[in-house]
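Working notes for the structure below.
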Amino acid sequence: MAAGVAAWLPFARAAAIGWMPVANLPMPVAPTNKNKRQDELIILNVSGRRFQTWRNTLDRYPDTLLGSSEKEFFFNEETREYFFDRDPDSFRSILNFYRTGKLHYPRYECISAYDEELAFFGIIPEIISDCCYEEYKDRKRENTERLMDDLEDNKDNKPPNMTCRETMWRAFENPHTSTMALVFYYVTGFFIAISVITNVVETVPCGSMPNQRDIPCGERYTEAFFCMDTACVMIFTVEYLMRLFAAPSRYRFMRSVMSIIDVVAILPYYIGLVMTNNEDVSGAFVTLRVFRVFRIFKFSRHSQGLRILGYTLKSCASELGFLLFSLTMAIIIFATVMFYAEKGSSSSKFTSIPASFWYTIVTMTTLGYGDMVPKTIAGKIFGSICSLSGVLVIALPVPVIVSNFSRIYHQNQRADKRRAQKVQKARLARMRISKAGSSTAFLHSKRNGLNQSLELTGSLEEDQQLKKTTSLLESQHHHLLHCLEKTTNHEFVDERLYEQGYLQTALQNFPSQSPSLSSEEGVTGTCCSRRTKKNIQALNATHTHSHTHNLQELSALHIHCGEQQPLNTSRSSLNLMSDESGSLNCKSSGLVTTAIISIPTPPSNNSRANPDAPPPPNPDAPPRPNTGSDVVKISAL
Amino acid sequence: MSSRRRRCKRQLIKFTQHIARLITGTLNSDNEDEEQESTTVRCHPENLEQLQLQTHFSRQELQLLYRGFKNECPSGVVNEDTFKNIYAVFFPLGDSSKYAQFLFNAFDKDKNGSLSFEELVCDLSVLLRGTTEEKLNWAFNLYDINKDGKITKEEMLDILKSIYDLMGKSIHPRLKEEAVRQHVRIFFQKMDINQDGVVTIDEFSDCCQKDENIMLSLKIFDNAV
């Protein structure tokens with residue numbers, strides 16, 4: 001139960017007096033506080049800094065070090081205080097957790113130091129409150145990523161037994177691994193540069209024949225340029241084929257962007273080789289030469305910054321799309337307006353709306369070539385509005401793109417939506433756990449048969465047994481719920497059992513034993529709930545078949561409950577103190593499962609509430625006599 | 001019709017204000033229309049000695065109670081929503097809002113919509129340390145929703161329904177509508193001596209004091225603090 005509401009329990013219990021006159025049944029006896037002592041201050045000395053608090057405050061969470069008797073190990077007899085040799089700054093937030101019920105993560109704190117402190121004091125990080133939880137998770141993720149990166153960087157030594165193919169691939173991807181790779185890297189870079197410069201210089205007019213106009217160098221020194229081109233293309237082809245050979249997944253390699261760029265870069269040459277003789281398609285051949293400029297993109301293998309830029313543009317696709325869309329809208333609007341405004345004037349360049357597009361684009365991007373100028377007054381007014389709005393429309397999405405770039409550059413790569421979704425799911429799951437926790441705690445203690453003993457004739461031993469598994473606060477809360485049951489003469493049951501009971505009454509002719517399930521809503525709960533659904537389906541099937549089905553399900557259930565008991569989950573309901581009862585539940589499942597697996601008996605009100613009893617060897621063992629009212633006791637599974 | 005006209009006028013005024021703001025170039029932060037008023041109420045109880053006189057609690061117990069109370073409600077008063085939330089934690093399986101509302105009205109003696117520490121602690125002392133007469137009075141006050149001195153069948157039905165709501169849906173045996181009415185009938189059979197359809201405080205008090213079960217159960221929370 002949360003720290004705060006524990007203070008209200010006396011009020012709620014007192015208000016329960018209001019149920020007494022309407023109740024028809026006798027009430028159970030209240031748990032008494034045997035070790036009632038006056039609330040005292042205790043001193044916690046953490047590395048010299050003294051913290052003081054009430055003992056009650058620490059007792060709120062008996063699951064942790066400070067709340068349990070574990071702190072007695074740290075008690076210093078001479079100074080009568082508890083001494084912990086830990087960081088006093090982190091201890092502040094831990095102590096505040098006891099006081100307020102909320103665990104906060106201080107931002108200046110190092111994440112791994114904080115984790116260690118939490119682990120020492122027995123507090124699980126999942127209960128960090130919502131205000132600090134996202135920050136905590138982000139920092140934790142960064143930390144793990146950094147650790148993973150460090151691990152990868154340390155893998156410099158070549159693992160043995162790498163095939164030739166794998167070595168080549170590794171050399172291609174990380175040129176720093178070996179000298180050969182480095183040489184190859186620089187050679188290809190050099191040839192890319194040569195190829196690009198060649199393409200550019202080809203078109204420069206150099207020198208002139210005596211009685212002819214200037215001709216570009218490409219036509220003057222045709223063979224030289226052709227040799228250069230051939231050399232480059234050969235190198236690129238060899239490189240591409242080698243990469244193709246070394247790639248671990250050739251299909252994936254061929255689909256990747258870089259390989260497509262490679263192919264597009266070298267294809268024009270080969271097509272040109274094939275088609276040189278045909279005069280008709282020489283025009284198309286010239287066009288193909290344009291594609292040679294794609295060779296410059298091959299530089300992106302050599303430059304990290306270029307890759308980041310490309311990645312940014314890809315991730316800002318939506319912002320770019322918005323920019324384009326808004327620009328298009330504005331262009332169309334202003335072009336239309338300018339066209340109609342300038343329609344009146346003579347010799348106007350604004351011959352049609354598409355013709356006005358050019359004016360609008362030039363004006364909005366504040367280029368202002370001046371080849372199209374409005375002459376009428378209306379045109380000038382609208383033209384000025386157009387240029388003013390152009391500045392705005394273009395300036396707005398740009399900072400978004402810039403910030404995107406900086407975000408990616410600082411390695412914040414997760415999509416915000418995915419992060420929010422995950423956090424949201426985890427948060428809902430945590431809320432569900434803590435909400436269901438207190439109710440399941442009560443159902444647990446019921447199931448363990450301990451509450452039954454708290455009739456008005458409760459005896460001392462059972463009282464002590466109760467104390468062993470729950471704390472005083474929990475027992476008082478359970479007592480309150482028990483009184484409510486007695487007032488209304490109805491019992492709390494597990495939700496799923498309720499569904500099953502409903503189905504049972506619906507089917508009516510199925511003599512099922514209604515396997516009851518552990519109601520732990522933690523990790524085990526989810527696995528068991530899946531089985532439950534299957535169980536309910538089974539109920540609808542034929543009887544004999546479903547019997548065996550049930551048995552199999554039950555045995556499967558048992559395995560699950562038995563194995564999957566992570567300490568995390570049971571402790572994750574830190575706000576409840578039903579750890580032990582929870583584990584008691586699952587541990588005992590072994591015994592009860594065997595008992596039920598024998599033969600499901602016809603509808604009986606068998607109460608097998610006591611899990612510690614040895615399983616009856618005879619499945620038709622006489623049922624225990626029902627207590628007072630006509631209720632079915634739930635057996636632990 | 002007039003409300004529509006009023007709305008229209010209001011929207012027109014807002015529109016002209018908006019245009020005026022646009023023309024004069026005032027930013028939103030210069031706007032003085034929407035100023036937040038702090039409506040926090042702070043209340044602190046009378047001093048410890050007086051509370052000691054008024055209630056049956058000892059000094060340490062009062063200190064303990066107040067510390068817990070102040071932790072939860074730093075402003076010093078509990079309003080109905082907080083009360084309902086607290087009850088929702090204690091009875092997570094069911095719907096506790098109606099019952100919390102009845103309780104709140106029973107605690108709130110001066111009907112000002114919020115409970116101060118004195119009101120709570122005085123009632124608490126009655127419930128935990130008071131005489132059976134006082135406890136029965138309090139219970140009667142709870143059941144009597146309109147505080148007219150009589151419990152009718154409808155009031156009882158409402159109260160019992162809210163108590164059953166605390167249990168929630170997953171209960172056994174399944175709750176039928178008839179069960180609550182049956183419970184009301186049993187109650188009236190027991191309590192309504194002169195069979196006039198209402199239960200007065202005297203009938204209630206007499207019947208309860210004759211019933212041993214009720215007498216015993218009234219005492220079980222006596223050590224709750």
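Protein chains get the first letters and strands the later ones, always in sequence-line order, with residue 1 at the start of each.
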**Item:** Test item: side-chain donor near acceptor, A:Ser93 and A:Asn96, under 3.5 Å
**Value:** no
**Message:** Testing the 3.5 Å rule here: is there a donor-acceptor pair between the side chains of B:Glu118 and B:Ser116?
**Reply:** yes
**Request:** May I ask you to establish whether B:Lys153 and B:Phe188 are in a cation-pi arrangement, using a distance under 6.0 Å from NZ or CZ to the six-membered ring centre and at most 45° from the ring axis?
**Result:** yes
Flag the one option from [options] with the top tally of heavy-atom pairs under 4.5 Å to chain A.
| options | result |
| --- | --- |
| B:Phe107, B:Phe204, B:Tyr143, B:Phe69 | B:Tyr143 |
| B:Glu212, B:His183, B:Gln63, B:Met156 | B:His183 |
| B:Lys135, B:Arg67, B:Lys190 | B:Arg67 |
| B:Leu142, B:Ile163, B:Leu103 | B:Ile163 |

**Prompt:** Between B:Ser96 and B:Lys84, is any pair of side-chain heavy atoms under 4.5 Å apart?
**Reply:** no
**Request:** Taking the side chain as every heavy atom from C-beta outward, state whether B:Phe117 and B:Leu51 have any atom pair closer than 4.5 Å.
**Result:** yes
Portion of [X] that has a non-hydrogen atom of chain A nearer than 4.5 angstrom:
| X | answer |
| --- | --- |
| B:Phe102 | neither |
| B:Phe140 | neither |
| B:Ile186 | side chain |

**Contacting region of A:Trp19 [heavy-atom separation from chain B under 4.5 Å]** = both
**Prompt:** Between A:Phe97 and A:Tyr61, does the ring centre distance come in under 6.0 Å?
**Reply:** yes
